[in-house]
Amino acid sequence: MKTRKGYKTYPLTVAQKFHFYYLDFCPKKEVVNVGTSLTIEYDLDLDVLRQSIMKAYERCESMRLRFAYDKEEKQWYQYVAEHEDWEVEFVDFSHSTMEAAEATMKEWTRVPFKREDAPMTRIVIIKTPDNYQGIYLLGDHLVLDAQSLIGFMRDIIEIYCSTMFEGIEYPKPMRSYLEQLEKDLAYEAGSKAQQRDREFFYKRIEESEPIYNGIDGPGALEREREINPNARAALFISRNVESALDIFHLEEEPTRRLMQFCQDRHISLQCLLLMGIRTYLQKMNGNEDVSINVAYARRATLIEKKSGGTRIHSFPFRTIISEDKTFMEGIHIIRDEQNEIFRHTNFDPVEYLTYRRKVYPVEPGRTYEPMSLTYQPMTLKDKGLTQLGDIRYKTKWYPNGATTQAMYLTVMHRADDNGLDFNFEHQVEAISKEKLEYFYYYLCRIMFKGIENPNLTIGDIIRLV
């Protein structure tokens with residue numbers, strides 16, 4: 001397929017194909033929906049807000065993506081449609097309750113998009129019962145991820161502020177999605193960089209087989225070993241993809257202590273979170289060899305940051321850290337390994353997993369990773385809403401009700417106080433809220449014991465918590 005409706009078409013990227021990879025066998029097609037709201041305690045000019053939304057769509061190619069299926073090739077293609085204004089929906093929840101308003105937005109998030117030649121986003125201006133005003137935005141994961149969604153919302157607000165208030169500059173242009181897309185496709189077309197990344201990951205895979213560490217202990221692996229005594233992978237997903245989202249809130253002051261430790265020690269919060277999670281799994285399973293999936297945003301360059309789209313690649317992250325290492329030594333091992341992987345994250349995660357199954361054949365559905373982690377450092381507080389002064393605002397993410405993973409943890413900063421929210425999306429039949437509470441409790445205990453005593457050994461921390 002060369003063109004569609006007069007527009008040049010392009011193949012899907014690896015990041016987009018990954019979503020199709022699990023979408024194909026998931027009965028709930030809303031599994032790729034991403035829904036969020038941003039509301040402000042301020043009397044907005046709704047006409048200017050509508051104009052700002054239209055201008056943001058006009059400036060952002062990736063928000064105008066469409067998809068088309070070639071029946072002969074049996075392949076999906078993408079193209080960018082020209083901008084056309086439309087009437088932005090307005091829904092007034094002010095005479096309702098917060099519970100009812102949130103329930104409605106959850107229902108919106110659970111409606112899948114038409115896949116072919118149709119818009120892949122929906123935006124609604126909303127007024128909530130607490131007299132906040134703002135927007136609800138729903139997007140398909142094939143056209144946006146958390147960072148591009150936040151960037152798009154920020155663009156709307158910056159356009160609005162520059163229109164309404166003197167002295168505020170109009171935001172700089174977005175970057176071309178198609179320009180970045182062509183770079184991604186050139187990499188994927190057998191480039192030398194792709195081959196270097198392939199050699200890096202293949203070598204890592206071939207070194208040795210990982211081992212599964214259960215969220216609640218070694219039970220799942222022990223059941224596998226009743227059939228195969230040498231099993232190192234286990235089954236931890238449910239056939240029922242119905243999911244729930246449970247959120248645990250870390251207050252502002254303890255969050256500040258974690259962030260200060262990271263700043264003083266020149267490490268990222270993601271490294272600290274990984275250290276806490278792997279130490280918990282080491283405690284529960286008695287293994288020093290721990291693997292979890294980690295999502296990488298792949299937004300290092302300006303064009304990657306400003307061109308939108310979906311760029312997340314997720315890879316297994318494996319560390320072998322003995323109990324006699326100190327907490328700080330463990331973090332440095334994680335940091336160094338993360339820095340190595342960052343340089344190769346353009347590689348295809350599906351090819352990674354396919355090759356690993358070839359090297360270590362396991363039964364379908366079995367895995368070495370019990371969970372996935374995403375840390376989202378990007379917030380609207382960076383700029384955007386700070387131009388409105390001390391006006392309070394809220395952001396909220398809405399579950400789509402389905403997931404193909406047993407447990408997916410997304411850690412984000414809250415809008416009102418910059419504390420941390422631990423968002424656990426999980427299959428309801430695979431893991432209970434009570435187990436998540438236990439996990440979160442010990443994760444926090446481990447992290448705070450570690451930052452207070454960074455020279456304690458991992459073994460001592462495991463015993464003390």
Side-chain angles (χ1 to χ4, degrees), residues 1-35 57-58 60-84 86 108-123 137-149 152 176-191 194 239 241 243 295 298 304 307-314 346-354 364 400-405:
M1 183 182 289
K2 301 297 183 183
T3 61
R4 181 75 164 190
K5 297 183 179 295
Y7 300 107
K8 183 179 179 180
T9 59
Y10 298 83
L12 302 185
T13 65
V14 160
Q16 292 169 320
K17 289 176 183 176
F18 180 72
H19 294 304
F20 268 111
Y21 177 71
Y22 61 81
L23 183 62
D24 281 346
F25 62 82
C26 183
K28 293 190 173 185
K29 301 309 177 186
E30 63 269 28
V31 69
V32 290
N33 280 7
V34 182
Y57 269 95
E58 185 180 344
C60 187
E61 290 177 348
S62 64
M63 296 296 283
R64 293 182 273 115
L65 269 181
R66 305 287 188 268
F67 295 93
Y69 186 70
D70 189 308
K71 294 180 180 178
E72 291 184 4
E73 297 181 34
K74 297 183 179 179
Q75 295 287 338
W76 282 93
Y77 285 85
Q78 61 185 312
Y79 62 94
V80 174
E82 288 184 4
H83 172 70
E84 294 180 359
W86 74 91
W108 290 349
T109 308
R110 297 183 180 193
V111 178
F113 287 96
K114 178 185 174 184
R115 184 65 51 197
E116 195 162 19
D117 297 316
M120 305 304 290
T121 64
R122 177 190 181 189
I123 194 163
L137 177 61
L138 174 66
D140 189 294
H141 227 328
L142 274 86
V143 306
L144 54 72
D145 55 26
Q147 288 209 17
S148 59
L149 184 151
F152 181 74
S176 170
Y177 171 80
L178 293 179
E179 182 182 343
Q180 180 58 48
L181 173 62
E182 288 175 346
K183 292 182 178 181
D184 292 334
L185 295 175
Y187 166 89
E188 294 168 17
S191 65
Q194 183 193 46
R239 290 185 178 180
V241 298
S243 72
R298 299 193 308 126
E304 288 171 348
S307 58
T310 186
R311 298 196 57 76
I312 292 174
H313 283 185
S314 183
N346 284 332
F347 191 62
D348 183 350
V350 176
E351 182 179 339
Y352 176 104
L353 295 173
T354 301
N400 59 38
T403 180
T404 57
Q405 302 182 71

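Hydrogens, waters and symmetry mates are skipped; everything else that's a heavy atom, side chains included, is used.
For the pair K29 and V111, the minimum side-chain heavy-atom distance is 4.5 Å or more. Taking the side chain as every heavy atom from C-beta outward, L138 and T121 never approach each other to under 4.5 Å. Between L12 and Y77, the closest side-chain pair of non-hydrogen atoms is not below 4.5 Å. Using a 4.5 Å heavy-atom threshold, the side chains of I123 and Y57 count as touching. At a threshold of 4.5 Å between non-hydrogen side-chain atoms, the residues K2 and K8 do not count as touching. Counting heavy atoms from C-beta on, the side chains of M1 and Y10 never come closer than 4.5 Å.
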(request) Go through T9 and Q78 one step at a time and tell me if the side-chain hydrogen bond (donor to acceptor under 3.5 Å, both in side chains) criterion holds. (result) CA-CA 5 Å; T9 59; Q78 61 185 312; over 6 Å; no
(request) Could you walk me through whether R64 and E84 pass the side-chain contact (heavy atoms from CB on, under 4.5 Å) test, one step at a time? (result) CA-CA 10 Å; R64 293 182 273 115; E84 294 180 359; over 6 Å; no
(request) Evaluate side-chain contact (heavy atoms from CB on, under 4.5 Å) for V241 paired with T403, printing each intermediate quantity in order. (result) CA-CA 5 Å; V241 298; T403 180; over 6 Å; no
(request) Could you walk me through whether Y79 and F67 pass side-chain contact (heavy atoms from CB on, under 4.5 Å), step by step? (result) CA-CA 6 Å; Y79 62 94; F67 295 93; over 6 Å; no
(request) For L144 and V34, run side-chain contact (heavy atoms from CB on, under 4.5 Å): C-alpha distance rounded to whole Å, both residues' side-chain angles, the deciding distance at 0.1 Å, then the answer. (result) CA-CA 8 Å; L144 54 72; V34 182; 4.0 Å; yes
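Side-chain N or O atoms of T3 include none that pairs as donor or acceptor with a backbone N or O of G6 at under 3.5 Å. Proximity of a side-chain donor or acceptor of E30 to a complementary backbone N or O of P112 within less than 3.5 Å is not detected. Judged purely by atom type and a 3.5 angstrom limit, Y177 has no side-chain atom pairing as donor or acceptor with the backbone of L65. Side-chain atoms of H313 do not come within 3.5 Å of backbone N or O of R298 as any donor-acceptor pair. Between the D70 side chain and the E73 main chain, a donor and an acceptor come within less than 3.5 Å of each other. Remark: the backbone N or O of V350 is paired with a side-chain donor or acceptor of T354 at under 3.5 angstrom. The main-chain N or O of G309 is found under 3.5 Å from a side-chain atom of S62 such that the two form a donor-acceptor pair. With hydrogens and angles ignored, the 3.5 Å screen pairs a side-chain donor or acceptor of Q16 with a backbone N or O of T13. Remark: side-chain polar atoms of T310 are paired, donor with acceptor, to backbone N or O of H141 under 3.5 angstrom.
Ring geometry for W76 against Y69 counts as tilted: the plane angle lies between 30° and 60°, on a 0 to 90° scale.
Ionic pairing of R4 and D117 is present here: one or more N-O contacts between side-chain nitrogen and carboxylate oxygen are shorter than 4.0 angstrom. Under a 4.0 Å N-O distance rule, the pair K183/E188 does not qualify as a salt bridge. With respect to E304 and R311, a salt bridge is recorded, a charged nitrogen being found less than 4.0 Å from a carboxylate O. Taking 4.0 Å as the cut-off between side-chain N and carboxylate O, K17 and D348 do not count as a salt-bridged pair.
Considering every non-hydrogen atom in both S314 and P349, the closest pair reads O-CB, 3.2 Å. In terms of heavy atoms, D140 sits closest to F113 at N-CE1, 3.6 Å. Of all the heavy atoms in N400 and T109, the pair that sits closest is CB-O, 3.8 Å. Pairing each heavy atom of A295 with each of I312, the nearest pair is CB-CG2, 3.8 Å. Between S243 and A402, the shortest heavy-atom distance links the atoms OG-N, 3.0 Å. The two residues A81 and Y7 come nearest to each other via the heavy atoms CA-CZ, 3.8 Å.
For the atom pair CG (D184) and OG (S307), the distance works out to 8.0 Å, reported to the nearest 0.5 Å. Remark: M63 CE to E58 CD distance equals 14.0 Å, nearest 0.5 Å.
If you check the side chains of R110 and N33, you find no donor sitting under 3.5 Å from an acceptor. There is a side-chain donor-acceptor pair under 3.5 Å between E61 and S176.
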